[in-house]
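In what follows, a single structure is set out as structure tokens and then discussed.
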Amino acid sequence: MAQPLERRVYGADHDDPDPGPQSGHSYMELVGGPLDGLLLDVTGWSADDLADGAALIAEAGQFGVGGRALYGPGAGDASLFHWEGDSP
């Protein structure tokens with residue numbers, strides 16, 4: 001039987017032997033856009049920080065290297081950050 005794929009955390013090195021979530025940390029799942037499916041470590045973020053969302057470096061986004069993918073909370077599931085577009 002195949003092992004389930006380990007979820008990757010945004011910012012983990014590609015050669016990291018354990019790129020998945022760590023116990024004791026809080027994560028938001030990134031939904032849509034160039035970082036779809038990754039987890040963002042939001043450990044220690046305030047409610048205001050979570051409401052503001054995040055501008056994350058995304059080389060595969062519309063603006064290429066140095067561009068940002070914008071993610072923020074959506075209606076419904078509070079554990080998801082939805083893609084809102086790209087920024088240079």
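Scope of the values below: all heavy atoms of this structure, side chains included, with no hydrogens, waters or symmetry mates. Since the structure is predicted, the reported quantities are computational estimates derived from the model, not experimental observations.
Leu35 has its side chain out of reach of Trp83: every pair of non-hydrogen atoms, C-beta onward, lies at least 4.5 Å apart.
Partners of Glu84 according to the salt bridge (Lys or Arg N to Asp or Glu O under 4.0 Å) rule, which considers only residues two or more places apart in sequence or in another chain, do not exist here. For Asp18, the side chain to side chain donor-acceptor pair (under 3.5 Å) partners at least two apart in sequence or on another chain are Gln22.
Both Leu30 and Leu50 are members of a single hydrophobic cluster when ILVMFWY side chains are connected at heavy-atom separations under 4.5 Å.
Nearest heavy atoms, Arg7 versus Pro21: O-CD, 3.4 Å.
A donor-acceptor pair is defined here as one N or O able to donate and one able to accept, closer than 3.5 Å; no such pair exists between the side chain of Tyr71 and the backbone of Glu29. Remark: side-chain polar atoms of Asp86 are not paired, donor with acceptor, to backbone N or O of Gly61 under 3.5 angstrom.
The other residues sharing a hydrophobic cluster with Leu39 are Val9, Tyr27, where clustering joins ILVMFWY side chains under 4.5 Å apart.
Between the NE2 atom of His82 and the CG atom of Leu70 there is a distance of 14.5 Å, given to the nearest 0.5 Å. For the atom pair Phe81 CZ and Leu38 CG, the distance stands at 14.0 Å (nearest 0.5 Å). Atom CE in Met28 sits 8.0 Å away from atom CG in Leu40 (nearest 0.5 Å).
Side-chain atoms of Asp41 and Thr43 include a donor-acceptor pair closer than 3.5 Å.
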Residues Tyr10, Leu56; criterion side chain to side chain contact (heavy atoms under 4.5 Å, CB included); working and verdict | CA-CA 9 Å; Tyr10 170 80; Leu56 305 170; 3.6 Å; yes
